[in-house]
Amino acid sequence: YSIKFNGSGELICTGSGDWSITVWEATTGRLVRRVNCGSVVMATCWVQKRIISGSHDGRIQQWSVDQAEADLDLKGHNDRVWSIAFQPSSKLLSSGSEDKNVIVQKLDSPSSPAPLHTLTGHKSSVEEVKFSPSEAHILATWDTSGEVRLWDALAGNCLHLFQCDKDGMES
């Protein structure tokens, strides 16, 4: 369900329906690590030498590629996690879920992530979350009703609401 290169392009991780995350060297295909996440892995993202996964059961977990750090459960959702995104300069992690919520967490240190906000207001499953490439605290989210919201992820408030029709065209 998910495939991502790390920042240097040396490693690839996949999230799978067999409940696993698998990490390979991109140039050789050598297996680096495989972990069982306890549920179908719907979304993944890289945070330096760690992988964050979002699962079918609502869990968000942090995995150390080289196992130098402990694996952690982060604040999770009450239903499937469809999308996760990390913003490196602000160290913010966001996740969107079938529970209609977006969770924003601060990943200041690998061992002690801090939940900041649960963003509410979407009317249906949040399918996608993306940080702005130019403003590190601005987050865009999209749900299955066609609603797009722009948030100030640090403050936890909705800045704008856009409604798209079923075909994805602005109405």
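The chain is numbered in sequence order, starting from 1.
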Quick check: do [X] and [Y] have side-chain heavy atoms less than 4.5 Å from each other?
| X | Y | result |
| --- | --- | --- |
| S55 | M42 | no |
| K49 | D66 | yes |
| L93 | P113 | no |
| C13 | K4 | yes |

Would you kindly say whether S134 and S132 are connected by a side-chain donor-acceptor distance under 3.5 Å?
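Judged by distance alone, the side chains do pair up.
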State whether a side-chain donor-acceptor pair under 3.5 Å links T44 with S2.
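On atom types as modelled, these side chains qualify, holding a pair under 3.5 Å.
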Restricting to non-hydrogen atoms, name the atom on [X] and the atom on [Y] that form the minimum distance, rounded to 0.1 Å.
| X | Y | answer |
| --- | --- | --- |
| W82 | S97 | CD1-C, 4.0 Å |
| D108 | K106 | OD2-CG, 2.9 Å |
| G38 | D57 | O-OD2, 4.2 Å |
| F86 | C45 | CB-SG, 4.0 Å |
| P115 | K75 | CB-CD, 3.5 Å |
| W19 | V40 | CD1-N, 3.4 Å |

Atom [atom1] of [X] and atom [atom2] of [Y]: how far apart are they, to the nearest 0.5 Å?
| X | Y | atom1 | atom2 | value |
| --- | --- | --- | --- | --- |
| F5 | I12 | CZ | CD1 | 4.0 Å |
| Q48 | N6 | CD | CG | 11.0 Å |
| H137 | S89 | NE2 | OG | 10.5 Å |
| T118 | N78 | OG1 | CG | 9.5 Å |
| S39 | Q61 | OG | CD | 8.5 Å |
| S94 | I84 | OG | CD1 | 8.5 Å |

Any donor and acceptor pair, going by atom type alone, linking the side chain of [X] with main-chain N or O of [Y] inside 3.5 Å?
| X | Y | value |
| --- | --- | --- |
| S125 | E127 | no |
| S124 | T144 | yes |
| Q87 | E135 | no |

More than 12 heavy atoms of other residues, nucleotides or ligands under 6.0 Å from [atom1] of [X]: is that the case?
| X | atom1 | answer |
| --- | --- | --- |
| K130 | NZ | no |
| Y1 | OH | no |
| D18 | CG | yes |

Could you list the cluster mates of I21? Members are the ILVMFWY residues connected by side-chain heavy atoms closer than 4.5 Å, either directly or through other members.
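I21 shares its hydrophobic cluster with L11, V23, V32, V35, V41, W46, I51, W63, V65.
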Rest of the hydrophobic cluster containing L119 (Ile/Leu/Val/Met/Phe/Trp/Tyr, side-chain heavy atoms under 4.5 Å)?
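Reading the cluster by chain and number, L119 sits alongside L92, V102, V104, L116, V126, V129, F131, L139, W151, L154.
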Verdict with supporting geometry, Q105 and I60, side-chain contact (heavy atoms from CB on, under 4.5 Å)
CA-CA 11 Å; Q105 303 182 62; I60 299 171; 4.0 Å; yes
Could you walk me through whether D79 and H77 pass the side-chain contact (heavy atoms from CB on, under 4.5 Å) check?
CA-CA 6 Å; D79 209 332; H77 289 272; 5.7 Å; no
Only one of L161, V148, N101, D143 passes side chain to side chain contact (heavy atoms under 4.5 Å, CB included) with H122; say which it is.
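The passing option is D143.
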Is the closest basic N to carboxylate O distance between E98 and K100 below 4.0 Å?
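Salt bridge: no.
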Salt bridge (charged side-chain N to carboxylate O under 4.0 Å, His left out) for E147 and R149? Distances and angles first, verdict last.
CA-CA 7 Å; E147 187 176 276; R149 288 177 176 252; 2.7 Å; yes
Would you check, one step at a time, whether the test side-chain contact (heavy atoms from CB on, under 4.5 Å) holds for L159 with I138?
CA-CA 9 Å; L159 302 173; I138 301 298; 3.6 Å; yes
T22 and R34: CA distance, side-chain angles, deciding distance, side-chain contact (heavy atoms from CB on, under 4.5 Å) verdict:
CA-CA 4 Å; T22 307; R34 182 180 176 90; 2.9 Å; yes
Taking a hydrophobic cluster as the set of Ile, Leu, Val, Met, Phe, Trp and Tyr residues connected by side-chain heavy atoms closer than 4.5 Å, whether directly or through intermediates, do V81 and V47 fall within one such cluster?
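Yes; V47 is reachable from V81 via cluster members.
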Considering residues at least two apart in sequence or located in another chain, which fulfil the side-chain contact (heavy atoms from CB on, under 4.5 Å) criterion with E69?
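side-chain contact (heavy atoms from CB on, under 4.5 Å) list for E69, sorted by chain: R50, S64, P110.
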